[in-house]
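As structure tokens, the structure follows; a few thoughts come after it.
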Amino acid sequence: PDKLAEILRGWTVDASNPPPSRKIYSADDIKSAIAHQELVNYYQPKVSVENGDVIGVETLVRWHHPKDGVIMPDRFIHIAEDNNLIDDLTHLVLTQAIVQAGKWHQSGLTLRVSINVTMDNLASLNFQDMVVNLVNENNLPPQKIVIEITESQVMGPDARIPLEILTRLRLKRFHLSIDDFGTGHSSLAQLRDIPFNELKIDQGFVHRAWSDDTLRAIYDASLAMGKQLGMDIVAEGVEDRDDWELLRQTGCDMAQGNFISEPLLADDLPRWMDEWQNRVRA
Ligand code: C2E
Ligand code: CA
Ligand code: CA
Ligand code: CA
């Protein structure tokens, strides 16, 4: 029956209008999505491994496409980057996130809100002014905003100028996080030069690290390196109780992943927090 379904599907596919799962979007599509504010921030909780406290959320953008439904970021971020649209995209995501963080803050939820930025974003002249203005306008302490940059981007060949910008952001009290750690081969010496507050172990070295010696070796080394430099360690991609147990046994500070929660719409966060409190107490 599966085979038949496949054949039938083959007959009905119109090549000029591929199904949304395979459609490749153009720069104009993305430009229009930004202009029409079709990009929606989701927020994935990040919790303390020790006591379950909700420390913060990571902003993860999705495109609510009027026809194709919810489009994941790996299908449009790189197009934005390649077509000079990433500054506009980041500006929109950052504005939405900081306004939301300000609302949470006012309602007594003092969450840290993490935002993914690219090196191109940091190199563009007004990034720092933009983020400083946004926190001021929303009465938010800058240390509640965490700027995530991937390890491979920070250690790349053109890293020099943006590193100065990172240092200046630290001086303004923003938090800095090195993302996807373990995929970029940085050394202790390189890491020491950059004032990161947080290290996120890439999900590829977290899920099932308890059962795979190679993953476990990279997980352990990343944890040790980050601890030695005084950083908070976040494990990403925590998918089940076994993963969570490894974090507990090894003294990882924070956990993020579907075992705790999938990325949520802002409105769904309070209800999730109630449920999570019950899970932690149980
Ligand atoms: P990332 O920064 O490494 O974000 C973590 C990704 O892992 C997210 O995918 C998240 O939904 C997913 N994830 C979370 N928990 C689990 C889990 O337990 N298991 C598995 N398998 N995956 C999990 P998402 O939302 O599809 O985002 C993919 C990437 O797109 C992000 O990777 C980030 O690099 C980029 N991205 C997302 N939003 C933005 C943005 O606003 N700006 C920029 N520049 N990049 C973004
Ligand atoms: Ca990230
Ligand atoms: Ca990551
Ligand atoms: Ca990633």
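Just so you know, ligand 1 is whichever comes first in the structure, and atom 1 is the first atom listed for that ligand.
At least one side-chain heavy atom of T250 sits less than 4.5 Å from a side-chain heavy atom of Y219. Residues M273 and V54 form a side-chain contact, since some pair of their non-hydrogen atoms from C-beta on lies under 4.5 Å apart. The closest side-chain heavy-atom distance from I194 to L166 is below 4.5 Å. Contact check for N197 versus D232: no side-chain heavy atoms found under the 4.5 Å cut-off. Residues I147 and N116 have side chains not in contact (no heavy-atom distance under 4.5 Å, counting atoms from C-beta outward).
For ligand 1, the atoms sitting less than 4.0 Å from at least one non-hydrogen atom of G257 are 15 (N), 18 (O), numbered in the order shown with element in parentheses. Heavy-atom proximity to P263, at under 4.0 Å, picks out these atoms of ligand 1: 11 (O). Of all the atoms in ligand 1, the ones that sit under 4.0 Å from a non-hydrogen atom of N116 are 2 (O), 42 (N), 43 (C), 44 (N), 45 (N), 46 (C). In summary, the atoms of ligand 1 found under 4.0 Å from a heavy atom of G237, numbered by their order in the structure, are 17 (C), 18 (O). The distance from ligand 1 to the heavy atoms of E58 drops below 4.0 Å at these ligand atoms: 2 (O), 4 (O). For ligand 1, the atoms closer than 4.0 angstrom to any heavy atom of M72 are 26 (O). Those atoms of ligand 1 that come under 4.0 Å of a heavy atom in V61, given as number and element, are 38 (N), 39 (C), 40 (C), 41 (O).
Contact between E81 and ligand 1 is absent, with no heavy atom of the residue lying under 4.0 Å from the ligand. By the 4.0 Å heavy-atom criterion, K200 is excluded from the residues contacting ligand 1. Between D74 and ligand 1 there is no heavy-atom distance shorter than 4.0 Å.
Other residues, nucleotides and ligands contribute at most 12 non-hydrogen atoms within 6.0 Å of the CZ atom of R241.
At least one donor-acceptor pair under 3.5 Å links the side chain of D212 to the backbone N or O of T214. Using modelled atom types, no side-chain atom of H36 and backbone atom of E38 make a donor-acceptor pair closer than 3.5 Å.
For atom 46 (C) of ligand 1, the candidate residues are I77, D240, L39; the nearest heavy-atom contact is made by I77.
Among heteroatoms of the N, O or S kind in E58, OE2 lies nearest the Ca ion (ligand 2). In E236, the N, O or S atom that comes nearest to the Ca ion (ligand 3) is OE1.
Checked against a 3.5 angstrom limit, the closest N/O atoms of R62 and ligand 1 fall inside it. In terms of N/O distances under 3.5 Å, ligand 1 is not approached by E148. Note: no N/O pair closer than 3.5 Å links Q256 and ligand 1 by distance alone. Below 3.5 Å of separation, one finds no N or O of T118 facing any N or O of ligand 1. For the pair T59 and ligand 1, the shortest N or O to N or O distance does not fall below 3.5 Å. Considering backbone and side-chain atoms together, D179 places an N or O closer than 3.5 Å to an N or O of ligand 1.
Of all heavy-atom pairs between E151 and T183, the closest is OE1-N, 3.3 Å.
With a 4.0 Å cut-off on non-hydrogen atoms, V238 touches ligand 1 through its backbone and not its side chain. Residue Q44 touches ligand 1 through its side chain alone, judged by heavy-atom distances below 4.0 Å. In Q203, the part holding a heavy atom less than 4.0 Å from any atom of ligand 1 is the side chain. Only the side chain of V93 comes within 4.0 Å of ligand 1, counting heavy atoms alone; its backbone N, CA, C and O stay farther away. At a heavy-atom distance under 4.0 Å, atoms from both the backbone and the side chain of L60 approach ligand 1.
Donor-acceptor pairing under 3.5 Å is lacking for the side chains of S32 and D29.
A salt bridge links R271 with D268: at least one charged nitrogen is closer than 4.0 Å to a carboxylate oxygen. Using a 4.0 Å cut-off between a side-chain N of Lys or Arg and a carboxylate O of Asp or Glu, K227 and D253 qualify as a salt bridge. Classification of K23 and D68 as a salt-bridged pair holds, one side-chain N sitting under 4.0 Å from a carboxylate O.
The angle subtended at the Ca ion (ligand 3) by OD1 of D179 and OD1 of D180 is 90°, given to the nearest 10°.
Here the two rings, on F196 and H175, have centers that are 6.0 Å apart or farther.
Not a single N/O/S atom of E148, whether from backbone or side chain, sits less than 3.0 Å from the Ca ion (ligand 3). Using a cut-off of 3.0 Å, one finds that S114 contributes no N/O/S atom close to the Ca ion (ligand 2).
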| Residue pair K200, D180: steps toward the salt bridge (charged side-chain N to carboxylate O under 4.0 Å, His left out) verdict | CA-CA 6 Å; K200 300 186 81 172; D180 295 354; over 6 Å; no

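Partner of F127 under the side-chain contact (heavy atoms from CB on, under 4.5 Å) criterion, chosen from L122, V132, D87, D120: L122.
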